[in-house]
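Each chain gets a letter, A, B and so on, in the order the sequences are listed, and its residues count up from 1.
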Amino acid sequence: MSTAITDPILDWYDEHARDLPWRAPDATPWGVLVSEIMLQQTPVARVLPVWHAWMERWPTAAALAAEPSGEAVRAWGRLGYPRRALRLHATATAIVERHDGEVPSSHEALLDLPGIGAYTAAAVASFAYRQRHAVLDTNVRRVLARLCSAEEYPPKSQTRAEVRLAESLLPLDPPTAARWSVAVMELGALVCTARTPRCVDCPVIARCAWQRAGRPAYDGPPRRGQTYAGTDRQCRGRLLAVLRDAEGPVAKPALDAVWSDPVQRERALDALVADGLVDPLDDGRYALPA
DNA sequence: TAGCCGTGGTC
DNA sequence: TGACCAAGGCT
């Protein structure tokens with residue numbers, strides 16, 4: 001633990017943290033969990049309205065578990081990666097069945113829930129229950145890569161060295177560790193950004209190895225560009241949007257209309273059914289899952 | 001483990 | 001303008 005790094009970032013966070021609803025004093029563990037799932041690969045600005053509507057409608061895990069999973073998929077709207085909605089519904093069900101309706105507080109129990117991996121388990125345990133865990137998301141990995149390794153970007157996949165580094169920086173006191181975790185994430189989101197870091201606003205610029213090295217440009221393998229137009233993903237998105245926007249079941253021609261290539265369309269539709277995002281009815285129509 | 005899984009904003 | 005990016009997880 002190095003207070004020379006942690007203290008300035010904690011102080012910076014106290015002054016500059018965004019006022020986000022899932023950080024409010026009255027935020028529930030369920031609200032924190034919902035926010036973490038929604039925020040996976042999705043910007044805060046797009047999550048905010050959906051989170052508010054979601055929490056209004058389903059203030060508890062039990063409330064969500066009482067409804068068909070298709071309602072979760074519909075309420076997910078255009079957040080993207082709709083399997084997250086399905087898994088969040090499954091997690092709500094598991095919380096009711098296995099944890100008496102309460103979001104579990106142990107990292108291990110959280111990890112057992114569908115759609116919750118190492119990051120999200122650590123985030124919920126830290127932010128909802130003030131525990132001490134290394135919280136390694138894309139923001140934290142980037143901050144630590146620059147601050148401690150003089151690299152512009154972290155490695156493509158997470159390494160044990162990164163985990164060890166994050167653990168070594170964690171303050172010993174659990175509530176302080178939890179605040180530190182959210183503080184580093186916030187620093188990465190607002191100052192130590194991927195594209196154009198605002199180093200002039202950085203509270204630890206004097207300690208930054210990347211800064212000292214002259215901010216060398218990333219020289220690793222090319223960071224994968226994810227093309228989208230024409231992919232199965234785009235096709236799936238179009239098909240699911242038809243079902244989301246419809247009141248009830250939809251006839252096949254309505255789906256055929258949104259994608260011209262029949263081979264790709266059928267493949268995508270089959271995959272949506274296999275994923276449980278689409279329910280093929282006996283009468284030949286399609287619906288969101290019951 | 002690399003590839004897959006949505007969507008929209010940014011520069 | 002199009003490539004890159006945004007609080008990952010699963011197989």
Side-chain angles (χ1 to χ4, degrees), chain A residues 13 17-18 20-23 27 31-51 73 76-88 90-91 110-128 133-143 152-159 162 166 178 181-190 192-198 218 221-244 258-259 267-268 270-272 274-278:
Chain A
Y13 181 74
R18 287 169 294 180
L20 300 172
W22 44 85
R23 290 180 186 162
V32 172
L33 191 159
V34 170
S35 79
E36 288 301 335
I37 303 293
M38 289 184 174
L39 286 164
Q40 290 170 1
Q41 304 286 285
T42 309
V44 166
R46 292 232 308 283
V47 165
L48 278 170
V50 181
W51 185 88
V73 173
W76 197 253
R78 306 189 67 80
L79 281 183
Y81 292 144
R83 290 187 297 187
R84 290 183 293 166
L86 224 43
R87 293 184 182 135
L88 182 51
T91 273
L110 286 163
L111 213 43
D112 268 344
L113 299 172
I116 296 190
Y119 160 76
T120 304
V124 172
S126 298
F127 306 153
H133 297 279
V135 178
L136 266 184
D137 77 325
T138 185
N139 287 304
V140 176
R141 295 184 62 219
R142 187 176 56 248
V143 170
E152 184 178 19
Y153 297 117
K156 278 185 77 126
S157 50
Q158 194 179 109
T159 64
E162 287 182 272
S181 294
V182 72
V184 191
M185 286 178 62
E186 191 76 338
L187 186 68
L190 299 183
C192 196
T193 54
R195 221 82 67 87
T196 312
R198 310 190 210 307
Y218 176 77
R223 301 156 68 68
R224 72 175 190 300
Q226 33 177 319
T227 51
Y228 182 61
T231 60
D232 283 16
R233 287 156 81 173
Q234 185 183 31
C235 183
R236 288 166 57 108
R238 292 254 188 96
L239 294 171
L240 197 59
V242 172
L243 294 175
R244 237 181 7 237
V258 297
W259 199 263
R267 183 172 67 229
D270 286 347
L272 286 170
D275 285 346
L277 282 163
V278 171

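Nucleotides dA6(C) and dT1(B) have their P atoms positioned 23 Å apart, rounded to a whole Å. A distance of about 23 Å separates the C1' atoms of dT11(C) and dT7(B), rounded to the whole Å. dG6(B) and dC4(C): their C1' atoms are spaced 16 Å apart (whole Å).
Checking the phosphate oxygens (OP1, OP2) of dA6(C), no side-chain nitrogen or oxygen of Q41(A) falls inside 4.0 Å. Distances shown here put every side-chain N or O of Y119(A) at or beyond 4.0 Å from the OP1 or OP2 atom of dG9(C). Distances shorter than 4.0 Å separate none of the side-chain N or O atoms of R195(A) from OP1 or OP2 on dT10(B). Proximity of R244(A) to the phosphate of dT7(B): a side-chain N or O atom is located under 4.0 Å from OP1 or OP2. Phosphate contact (OP1/OP2 of dC10(C), side-chain N/O of R83(A), threshold under 4.0 Å): absent.
Out of dG8(B), dG6(B), dA7(C), the shortest distance to the side chain of M185(A) is found at dA7(C).
Here L111(A) lies out of heavy-atom contact (under 4.0 Å) with every strand. Within the nucleic acid shown, R141(A) has no heavy atom closer than 4.0 Å to any nucleic acid atom. Using a 4.0 Å heavy-atom cutoff across all strands shown, W76(A) reaches no nucleic acid atom at all. As judged by a 4.0 angstrom heavy-atom cut-off over every strand, I37(A) is placed among residues making no nucleic acid contact. Within 4.0 Å of S35(A), counting heavy atoms only, lies no atom of the nucleic acid at all. G117(A) comes within 4.0 angstrom of the backbone, heavy atoms only, and of no base.
Put simply, the side chain of V34(A) reaches to within 4.5 Å of the side chain of W51(A), judged on heavy atoms.
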